[in-house]
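Note sheet for the following structure.
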Amino acid sequence: MKFVICDDEVLFLSDFSDKFLKYMQKNNYNANLRTCNTGEELLDLCKKEKVDVIFLDIDMPSMNGFQVAKNIRIMYSNCIIVFCSSHNELVYDSFEYEPFWFLCKANYENKLDVVLEKVIEKIQCYNKEFVIKIKDKLIKIMYQEILYFVVVKHKIHIHKEKEILEYRCNLVDVEKQVCNAGFIKVNSGCIVNLDWIYKIQGNELILKNKELLVISRSNKKSVRDTFFSYLERK
């Protein structure tokens, strides 16, 4: 796992690095941490090698954290970004850049272990594969590639960004496999990847690819609560 912390405060970089390494050693995780002082330095690094997780300051000279995050999203749409900032009022502005978490510097040491645990869980989910069988052939699909599952004429259709796969299965069995790994059931025939939800509008989900999906009345509260909890991690 490749982590980067980007911040113009040298003391924060040092303190963060120490706490990060202690957590990884304590939990026997194999992780590499790099540090950057500017957004430009971080972007240069990301052009040379793939990074899994970025802890990113917002208030930096020349190029601020939001500008950096915008560029990161173009290069690596699935890169996990955690904003680290003293400006707690920016948490809602940060949603545009799809952060995994917003870590407040004032008490970050109390939250860091929890955030790292959740980040590692997320990386493990990214690496999970959903296996289906079509015409005696096993097909593996990365969880992160799946937008949603939907029932169509007693078959399951798996919607990816540019492809739809069809196979025979029960949605209940799909739900047992994926709903503890970042997916949520939105109606009796559809399970959606939380990472692909752009916003909720009335009784509809709007996905990042502009598709609309209907939320059933019975699922509306659980879907809204789960999605807003997902957005408001901080």
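Predicted model only: the values in this text are computed from it and were never measured.
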Examine distances only and state if a side-chain atom of Asn193 and a backbone atom of Ile146 form a donor-acceptor pair shorter than 3.5 Å.
-> yes
What's the spacing between Tyr76 OH and Ile81 CD1 if we round to 0.5 Å?
-> 12.0 Å
Side chains of Asn27 and Leu116 in contact at under 4.5 Å (non-hydrogen atoms) = no
Measure the shortest side-chain to side-chain distance between Asp15 and Asp18 over non-hydrogen atoms and say whether it is less than 4.5 angstrom.
-> no
Cys6 versus Val68: any side-chain heavy-atom pair under 4.5 Å?
-> no
Under 6.0 Å from the NZ atom of Lys70, do we count more than 12 heavy atoms belonging to anything else shown?
-> no
Contact check, side chains of Met75 and Lys47, non-hydrogen atoms, under 4.5 Å = yes
If every non-hydrogen atom of Gly65 is compared with every non-hydrogen atom of Leu56, which pair is closest and at what distance?
-> O-CD2, 3.3 Å
Side-chain donor/acceptor of Ser14 to backbone N/O of Val10, under 3.5 Å | no
Any donor and acceptor pair, going by atom type alone, linking the side chain of Asn219 with main-chain N or O of Ile215 inside 3.5 Å?
-> no
Within 45° of the axis and under 6.0 Å from the centre of the six-membered ring of Phe12, does NZ or CZ of Lys105 qualify?
-> yes
Any chance you could measure Asp113, atom CG, to Lys26, atom NZ, to the nearest 0.5 Å?
-> 4.5 Å
Is Tyr148 reachable from Ile158 through a run of hydrophobic residues whose side-chain heavy atoms are each under 4.5 Å from the next?
-> no
Side chain to side chain, Ile200 and Leu205, heavy atoms closer than 4.5 Å = yes
Taking Gln25 for the side chain and Lys22 for the main chain, is one N or O donor matched with an acceptor at less than 3.5 Å?
-> no
Flag, side chain of Tyr29 to backbone of Met1, donor-acceptor distance under 3.5 Å | no
Point-to-point distance, once rounded to the nearest 0.5 Å, from CZ of Phe130 to CZ of Phe149 = 4.0 Å
Give the cluster check for Val150 versus Leu194: same hydrophobic cluster or not, with ILVMFWY residues linked at side-chain heavy-atom distances below 4.5 Å.
-> yes
Quick one: does Glu40's side chain get under 4.5 Å of Leu43's, heavy atoms only?
-> no
Polar side-chain atom of Arg73 near backbone of Glu98 as donor-acceptor pair, under 3.5 Å = yes
Glu211 side chain to Leu207 backbone, donor-acceptor under 3.5 Å = no
Do you know the tightest heavy-atom contact between Phe227 and Lys199?
-> CE2-CA, 4.1 Å
Distance (rounded to the nearest 0.5 Å) between Asn37 CG and Met60 CE | 10.0 Å
Could you tell me which non-hydrogen atom of Phe66 sits nearest to which non-hydrogen atom of Asn64, and how far apart they are?
-> N-OD1, 2.9 Å
Do Phe183 and Val214 share a hydrophobic cluster, counting only Ile, Leu, Val, Met, Phe, Trp and Tyr and linking them when any side-chain heavy atoms are less than 4.5 Å apart?
-> no
Report yes or no: do Leu165 and Leu138 belong to one cluster of Ile/Leu/Val/Met/Phe/Trp/Tyr joined by side chain heavy-atom distances under 4.5 Å?
-> no
From Lys137 atom NZ to Ile132 atom CD1, the distance as rounded to the nearest 0.5 Å = 10.5 Å
ILVMFWY cluster, Val192 and Val178 together (side-chain gap under 4.5 Å) | no
Pair Phe55-Phe20, ring-ring contact (aromatic ring centres under 6.0 Å, His included): steps then yes or no = CA-CA 11 Å; Phe55 287 84; Phe20 175 90; 7.1 Å; no
Closest approach of Asn32 and Arg34, non-hydrogen atoms and distance?
-> OD1-CG, 3.6 Å
Keeping the roles fixed (side chain from Trp196, backbone from Glu145), state whether a donor-acceptor pair exists under 3.5 Å.
-> no
Kindly determine whether Lys160 and Ile141 satisfy side chain to side chain contact (heavy atoms under 4.5 Å, CB included), including the steps that lead there.
-> CA-CA 9 Å; Lys160 299 171 63 178; Ile141 313 161; 4.1 Å; yes
For the pair Phe83 and Tyr97, name the ring-plane relationship: parallel under 30°, tilted 30 to 60°, perpendicular over 60°.
-> perpendicular
Could you please spell out the steps behind the side chain to side chain contact (heavy atoms under 4.5 Å, CB included) verdict for Lys128 and Met142?
-> CA-CA 6 Å; Lys128 275 188 175 182; Met142 301 297 289; over 6 Å; no
Regarding Lys210 and the six-membered ring of Tyr198, is the cationic atom NZ or CZ under 6.0 Å from the ring centre and inside 45° of its axis?
-> yes
Sub-4.5 Å side-chain heavy-atom contact between Lys176 and Val172 | yes
Output the distance between atom SG (Cys46) and atom NZ (Lys2), rounded to the nearest 0.5 Å.
-> 10.5 Å
Side chain to side chain contact (heavy atoms under 4.5 Å, CB included) assessment of Asp59 paired with Ser86 = CA-CA 9 Å; Asp59 187 16; Ser86 301; over 6 Å; no
Indicate the atoms forming the closest heavy-atom contact of Lys118 with Phe100, along with that distance.
-> O-CZ, 3.5 Å
Greater than 12 external heavy atoms within 6.0 Å of Leu11's CG = no
Residues Tyr143, Gln177; criterion side chain to side chain contact (heavy atoms under 4.5 Å, CB included); working and verdict | CA-CA 11 Å; Tyr143 274 41; Gln177 186 170 344; 3.6 Å; yes
Asp52 side chain to Phe3 main-chain N or O, any donor-acceptor pair under 3.5 Å?
-> no
Taking the side chain as C-beta and beyond, is there a heavy-atom pair between Ile191 and Ile184 under 4.5 Å?
-> no
Do Asp195 side-chain atoms and Gly182 backbone N/O form a donor-acceptor pair below 3.5 Å?
-> no
At their closest point, which heavy atom of Leu45 faces which heavy atom of Cys36, and how far apart are they?
-> CD2-SG, 4.2 Å
